[in-house]
Structures are given as C-alpha cells and as structure tokens.
Amino acid sequence: MKVIVTGGAGFIGSHTVVELINNGYTPIIVDDFRNSKPFIINQIFKITGQKPKHYAIDCCNYKDFETVFKIEKPEGIIHFAAYKAVGESVNKPLKYYENNINSLVNVLKLMNEFDVNNLVFSSSCTVYGSAKVIPVTEKTPTQKAESPYGNTKQIGEDILHDYFKTSKNKNISILRYFNPIGAHPSGLIGELPIGTPNNLIPFITQTADGIRKSLTIFGNDYPTRDGSCIRDYIHVVDLAIAHIKAFEKQKNQTSELETYNVGTGKGTSVIEVVECFEKETKIKLNYSFGEKREGDVAEIYADNSKIISELEWEPKYSLQDALKDAWNWQKNLKNVK
Ligand code: WQD
C-alpha cells in the first residue's frame, strides 16, 4: 500500500516511515526540510535497506502537492507536516494558523480529487487544554486550547469531522499524541531540533552534551506532586507503530472516523524526567527553576484504553528506554550529520 507521509523526514515522520517499510508499506515522503534535514532519508535507508522516494515540496502549495498525487496515486496519507511548539506558537500565531490549517485543507482536497480513502491525522493532547479530569479519555471535552498550536489541532479535528460528513467511503484516524520522546534504538534517527529546542528532552540532552549551559525547569509551584508539570512521555517508536495499527484497522472499514489517545497512560513530572535521565546516563544535569511558560498546562496524561482495545496497540518502551535512546542519538549526532 503506497502511503504519502507529509513531514516524513521529521521526528515522528521518519520513525513512522521506518515502521511503514518494516510492515510492507511503500511510504512516499513529502517534506521541504524546513524542520528536518535531507540526510535523514539516507539514515532510513541504513535502518531498513530501502530508500523511500521523496518530494521536497510545501504541502501548502496546492499545485506542487497535486503533482505528487498525480505521479504516485497513493492509497493512504499520514499528515504530519505542521509546526508543533507550544511556546513558539504563542509568539507567532499566524505562522501556525497559515501552515497547519492550509496544509490540512490541501490534503483533504487532494483526497477527493484522487479518490484517496485512508487518512491518519497527527493531532495532539493539547486539544484538551487544561482538562478538569485526568487522565483524559477521547470523550473528555476539549477545552479552549491554551495555545495557538493547540487551537490549530482543534480546528484541524473540526475540519476533519465536517469533511467526513460530506464525504463517502473515507477512513480517518485522528491520533492525539501525548509527548513523543526518544529516538530509534539504532541511534541513526531522532529528534533534530533546529536552533534552540522548544521541547524538554532535546533541551536535556543538549545540556548533558554541553551544548546548553543549563536547563530551566519552567515552574515548580504547579498543583502537582512535586510542583513541576506532569506529561505523558511516549517513545517515538511506540507512537510510530500506532500509525501502522491505524491503517491495519482501516483496511477492514469502508467509512469511519475514529479518534485515539496515543500515550502510555502514565504521568511523569519534569523533575522525575530529569532524575530518571541522570540515573539512566549517570550524568549530573545542571538545572534551575524559572518562571512558568505561557501556554503550559499543569498536568495531562492519557487514558489509552481505547487504542489498546480497538487497535491492538500498546506501548512497549519505558521512559528509561526513551531517555537512553535520546541520549544515544545526541551523542551520535556529531558523526551522522
Ligand atoms: C514538556 C514539559 C514544559 C522545556 C509537546 C509538543 C506538542 C505536543 C505535546 C505533539 C512542560 C517543560 C520544557 C524546557 C521545561 N506533541 N519544559 N524546560 O509543551 O507538553 O508539548 O507535547 O503533538 O507538539 O510541543 O512539551 O517538551 O515543550 O514541555 O521545563 O526547557 O517540560 O514546561 O511542562 P509540551 P515540551
């Protein structure tokens, strides 16, 4: 089954391309490398023995994107291509609305034009905003998003529901990611933050590697067990496999839209992540506590019972595995670029 993977050279995209190849799919990467690097495609080849075709085009450019569909005639699409940093989106809302919404609308228009009936959409737990009840299930009402990034995911899901109502025989799986972390155990692909990392784990590994002087923990007086924010940190390979499971289920459907929380079902605080990293790597991290970051919620983690039962998926890697793989990747980065 040929699958277009937008953002396929990115962090989650590249790990998903590896799992697609491992499961007999033919991924076609569509990525203009604005948030990734071309060498990742060679790394995928080193891991799988296959070098996926790729098109370095912008999904917001309808004409270019249409050409890819004309040539490839895919049967499925995974739409990753989007900006995803909570903090940055607060300062640059238009960058997020323009890119994240336009690219999704183009995906759906092209699905109609070329009769593509299977879509997996990369959504996020940020749609829950500051949930009143934790852990969140797929039925937990979405709150007003705490950031423009989260709002683009809420709007994206609304667009998919409205589109689904007007379309025939479309299968749409909305995957709400919690916090994707770690790297491929081979150490050949991983998170590639360009510039100052927005996310916690790359900031930790860059601090451990001496690239950053110290880590600032944003807030230590939240209403949580140790005052720091709680999140559901999921290994990126577990997350990648959830996409395969979504396609497998779609093969036995004609027209369904389903939403799944993709998380471990466990909450971990920032301080606990730091301590786990130190224990796993025997490296003392230099960190201090700073102001809360705008857009952050105190606590969120998944009730993942729906994806476990309906997609026969469950997380296999632990937080320790993910932090070990992230550190291994950070050390390898010097000689893979
Ligand atoms: C995690 C925690 C920060 C950096 C991410 C993605 C988003 C979505 C959900 C996929 C927070 C704290 C961070 C630092 C810190 N994933 N932190 N110091 O904001 O939960 O959202 O996962 O779609 O796209 O951005 O992740 O890693 O930025 O922050 O204390 O230097 O770490 O305050 O509590 P977040 P994050």
Side-chain angles (χ1 to χ4, degrees), residues 11-12 35 82-93 95-96 124-132 134-136 143-154 176-183 190-236 263-264 266-281 283-302 319 322-323 326-327 330:
F11 175 39
I12 305 164
N35 201 19
Y83 293 126
K84 59 125 184 149
V86 170
E88 184 194 41
S89 76
V90 175
N91 306 317
K92 300 179 183 168
K95 169 179 175 179
Y96 278 69
S124 163
C125 61
T126 35
V127 302
Y128 294 110
S130 222
K132 293 185 173 41
I134 307 278
V136 291
Q143 306 275 332
K144 177 168 173 16
E146 305 266 331
S147 68
Y149 162 75
N151 204 22
T152 66
K153 291 301 181 182
Q154 279 182 350
R176 290 175 177 167
Y177 307 160
F178 282 71
N179 287 55
I181 64 167
E191 200 160 1
L192 252 188
I194 297 170
T196 311
N198 289 297
N199 294 122
L200 177 64
I201 304 311
F203 213 107
I204 286 179
T205 56
Q206 289 188 11
T207 303
D209 208 16
I211 298 170
R212 306 275 157 209
K213 273 207 306 304
S214 78
L215 166 77
T216 302
I217 296 180
F218 300 138
N220 66 340
D221 57 352
Y222 280 98
T224 61
R225 53 181 175 263
D226 63 16
S228 66
C229 291
I230 289 177
R231 294 288 186 275
D232 183 328
Y233 295 96
I234 176 170
H235 195 292
V236 63
T264 64
K266 279 196 290 296
T268 308
S269 79
V270 180
I271 294 170
E272 289 163 349
V273 171
V274 169
E275 288 169 350
C276 181
F277 181 85
E278 291 181 324
K279 188 156 169 275
E280 194 54 41
T281 61
I283 294 173
K284 184 83 191 76
L285 265 182
N286 188 8
Y287 68 89
S288 60
F289 292 100
E291 292 304 306
K292 292 180 178 166
R293 180 176 69 176
E294 200 180 344
D296 276 342
V297 298
E299 178 172 14
I300 184 163
Y301 60 93
L319 176 69
L323 294 173
W327 177 232
Q330 180 68 50

Could you grab the distance from atom [atom1] of [X] to atom [atom2] of [Y], nearest 0.5 Å is fine?
X    : Y    : atom1 : atom2 : value
Q154 : Y149 : CD    : OH    : 11.0 Å
L285 : I204 : CG    : CD1   : 6.0 Å
D296 : S147 : CG    : OG    : 9.0 Å
Y233 : L319 : OH    : CG    : 8.5 Å
S269 : E299 : OG    : CD    : 10.0 Å
S228 : E272 : OG    : CD    : 6.5 Å

Sequence neighbours excluded and cut-off under 3.5 Å, please list the side-chain donor-acceptor pairs for residues 214-223, or say none.
none

Side chains of [X] and [Y], heavy atoms from C-beta outward: is any pair under 4.5 Å?
X    : Y    : answer
I271 : F289 : yes
I283 : W327 : yes
I230 : Y301 : yes
T264 : F178 : no
L323 : T281 : no
T196 : F203 : yes
I201 : N179 : no
R212 : P197 : yes

Without swapping roles, check the side chain of [X] against the backbone of [Y] for a donor-acceptor pair under 3.5 Å.
X    : Y    : answer
D209 : I211 : no
N286 : T207 : no
T268 : V273 : no
Q143 : A131 : no

On a heavy-atom basis, which atom in [X] and which in [Y] lie closest, and how many Å separate them?
X    : Y    : answer
A322 : H235 : CA-CD2, 3.5 Å
K153 : V127 : CB-CG1, 3.7 Å
G263 : A302 : CA-CB, 4.1 Å
G182 : A326 : CA-CB, 4.0 Å

Open item on the list: Please determine whether a side-chain nitrogen of the Lys or Arg among D232 and R176 lies less than 4.0 Å from a carboxylate oxygen of the Asp or Glu.
Closed with: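 The answer is no: the pair does not qualify as a salt bridge.
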
- [ ] Please say whether more than 12 non-hydrogen atoms of neighbouring residues, nucleotides or ligands are located less than 6.0 Å from NZ in K292.
- [x]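 Above 12, so yes.
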
Task: Side-chain H-bond candidate by donor/acceptor type, K84 with N199, under 3.5 Å - done: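 Yes, N199 and K84 have a side-chain donor paired with an acceptor closer than 3.5 Å.
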
Open item on the list: side-chain contact (heavy atoms from CB on, under 4.5 Å) for I234 and Y177? Distances and angles first, verdict last.
Closed with: CA-CA 8 Å; I234 176 170; Y177 307 160; 5.8 Å; no

Open item on the list: Would you call the rings of Y83 and Y96 parallel, tilted or perpendicular, taking 30° and 60° as the class edges?
Closed with: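 Correct class here is tilted.
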
Open item on the list: Suppose we screen for side-chain contact (heavy atoms from CB on, under 4.5 Å). Which residues come up paired with K92, at least two apart in sequence or across chains?
Closed with: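 Residues passing side-chain contact (heavy atoms from CB on, under 4.5 Å) with K92: E88, K95.
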
